[in-house]
2 protein chains.
Amino acid sequence: MIIRIEPESEVPLYLQISNQIIEGIAREHIQPGQSLPSVRTFAADLGINMHTVNKSYHHLEQKGIIRIVPKSGAIISSPQDFNEASLERLKNDYRPLIAESLVVGMSNQQIQELVTSMIEEFKSSKEETQ
Amino acid sequence: MIIRIEPESEVPLYLQISNQIIEGIAREHIQPGQSLPSVRTFAADLGINMHTVNKSYHHLEQKGIIRIVPKSGAIISSPQDFNEASLERLKNDYRPLIAESLVVGMSNQQIQELVTSMIEEFKSSKEETQ
DNA sequence: AAAACTGTTCTATAAGATCTAGATCAAAAG
DNA sequence: CTTTTGATCTAGATCTTATAGAACAGTTTT
C-alpha cells in the first residue's frame, strides 16, 4: 500500500497516515484480516519517526478500524465489529461539513452528487492491485 | 444566536465557535447581510478571550463565509460569492469521512440517508426564530 | 464635538499537541 | 537463540491554542 506524506501540510502526519490507511481499506488495497507493516519498518519507509506511526495506529485502534496485538502486529478489523457509538461519532463529523456545504450555496442535490461521486471514486478503484 | 461551548472538548474553542456560526447560517437563524456580535461582546457572552473569537472570525473569513470590515464589524456573506476553490476544499474534507463510513461497513445507501437526514435537520430548523 | 465602540496589532505567558530521538523491556516470531 | 515486535520511559524542539493587557486609529452613537 502506497502512502504519500506531505510534511508541509497543516494536517498532522499521524492523521495523514491514518486517513490514507482508511482510504486504502475503502479501496480494498488492503483487506480485513491482513496486517499493517510494523511501526518500525513503516516509519523507515516513510522516513519519519517510529512514535508517529505508533500514534497513527493507536488512533486507528480507537476508531475500531484496526486491532493491535502486542508483540505481534496491527490487523485490519472486519466491518461487522463496529458499534452504534462509532456511527454517532461519524454523524458529528458530518454535521459541520454539511452545514458548510449548505452555507456556500450547494443545493441538496449537489451535496448528494458530491457524496455519490466520492463513493464511486472508492469503489471504482477496488479492483486495482496497487 | 445561541452558541454552546464545551471547554473540555478536544475541538479547539475557535473551531467550535466557527462551526456553530456556520450551522446557525445553515439554519437561517442568522442571514447574509446581517452582522455578528463584536469580538468583545461575543467573548464576554461566552466567557472567553477576545482573541479567541477574533481567530474564529478570521477563520470564517478565510472560508469566505463572512466579510470583516475593519473598525466596523463582521458581516455574513452571500452564497453567490463563493468560488470553485472552496468547493475543492470541501471535497478534500469529505474524502476521509466517506472512506471511514465505507470502512465501518456503511452501505452506499446508508451514507446517502445519513447525509439526507442531516440536510433535513438543518432545513427543518429554518423557520424557528431562535 | 465628545464618548463609546470597532477590529487591528503588539508583547507576553502558559499549556497542550505534534514530532523527533534514543533507550530499555518482555513477548512473539523466525 | 537471535531477531523483531509493540509498549514504555525520558527528553527536547516546535507549533497551536488560549489567555491577558495595552495601545492605535477609524467608526458609530450620543
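Values below: every heavy atom of this structure, side chains too, minus hydrogens, waters and symmetry copies. Here is how names work: the chains are called A, B, and so on, in the same order as the sequence lines, proteins then strands, and each is numbered from 1.
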Undergrad: Looking at CD of A:Q20 and CZ of A:R27, how far apart are the two atoms once the value is rounded to the nearest 0.5 Å?
TA: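 Atom-to-atom, A:Q20:CD and A:R27:CZ are 9.5 Å apart.
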Undergrad: Rounded to whole angstroms, how far apart are CZ on B:F42 and P on C:dT6?
TA: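 Answer to the nearest Å: 13 Å.
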Undergrad: Without decimals, in angstroms, what is the distance between B:E10 CD and D:dT17 P?
TA: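 That distance rounds to 13 Å.
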Undergrad: Roughly, in whole Å, what's the span from CG in B:L13 to C1' in C:dA14?
TA: 15 Å
Undergrad: Distance check needed: D:dA13 C1' versus A:N49 CG, whole Å only.
TA: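 Rounded to the whole Å, the gap is 13 Å.
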Undergrad: Answer yes or no: is there a donor N or O on one side and an acceptor on the other, between the side chain of B:H29 and the main chain of B:S125, under 3.5 Å?
TA: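 Yes; judged by distance alone, with no hydrogens or angles, the pair exists.
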Undergrad: What donor-acceptor contacts under 3.5 angstrom involve side-chain atoms of residues 34-43 of chain A, with partners at least two apart or in another chain?
TA:
unit_1, atom_1, unit_2, atom_2, d
A:Q34, OE1, A:Q31, N, 3.0
A:S38, OG, A:T41, N, 3.1
A:S38, OG, A:T41, OG1, 3.1
A:T41, OG1, A:S38, N, 3.4
A:T41, OG1, A:S38, O, 3.2

Undergrad: Looking at A:S38, does any N or O in its side chain come under 4.0 Å of the phosphate oxygens OP1/OP2 on D:dT5?
TA: yes
Undergrad: Counting the atoms with a prime plus P, OP1 and OP2 as sugar-phosphate, which does A:Y57 contact under 4.0 Å by heavy atoms, base, sugar-phosphate, or nothing?
TA: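 No contact.
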Undergrad: Side chain of A:P12 only, heavy atoms from C-beta on: which candidate in C:dC19, D:dT5, C:dG7 is closest?
TA: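 Taking heavy atoms from C-beta onward, the closest nucleotide is C:dC19.
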Undergrad: OP1 or OP2 of D:dT4 versus the side-chain N and O atoms of A:K71: is any pair under 4.0 Å?
TA: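 Result: no.
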Undergrad: Tell me which of B:R40 and B:K55 sits closer to the 5' end of DNA chain D, going by the nucleotide each one is nearest to.
TA: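 On the 5' side of the pair lies B:K55.
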Undergrad: Check the phosphate of C:dT20 against A:T52, side-chain N and O only, distance under 4.0 Å to OP1 or OP2. Yes or no?
TA: yes
Undergrad: Using the six-membered ring wherever Trp is involved, compare the ring planes of B:Y94 and A:Y94 and label them parallel, tilted or perpendicular (cut-offs 30° and 60°).
TA: tilted
Undergrad: Do the side chains of B:E100 and A:R89 get close enough for a salt bridge, i.e. N-O under 4.0 angstrom?
TA: yes
Undergrad: Is any side-chain N or O of B:Y14 closer than 4.0 Å to OP1 or OP2 of D:dA18?
TA: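 Answer no for this pair, as no side-chain N or O of B:Y14 is under 4.0 Å from OP1 or OP2.
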Undergrad: Please determine whether a side-chain nitrogen of the Lys or Arg among A:K123 and A:E28 lies less than 4.0 Å from a carboxylate oxygen of the Asp or Glu.
TA: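 Salt bridge absent between A:K123 and A:E28.
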Undergrad: A:V39 side chain: which of D:dG6, C:dG7, C:dT20 is closest?
TA: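 Output: D:dG6.
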Undergrad: Distance from B:H58 atom NE2 to B:H51 atom NE2, nearest 0.5 Å?
TA: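 These two atoms lie 11.5 Å from each other.
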Undergrad: Quickly work out the B:L36 CG to C:dC5 C1' distance and round it to whole Å.
TA: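 Value for this atom pair: 16 Å.
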Undergrad: With DNA chain C as reference, determine whether A:S72 or B:E61 sits nearer its 5' end, using the nearest nucleotide of each.
TA: B:E61
Undergrad: Rounded to whole Å, please give me the gap between CE in B:M50 and C1' in D:dC24.
TA: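 After rounding, the reported distance stands at 12 Å.
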Undergrad: At less than 4.0 Å, is any side-chain N or O atom of B:H51 found next to OP1 or OP2 of C:dT8? Yes or no.
TA: no
Undergrad: Angle, rounded to 10°, between the helical axes spanning five pairs at each terminus of the helix from C:dA1-D:dT30 to C:dG30-D:dC1?
TA: 40°
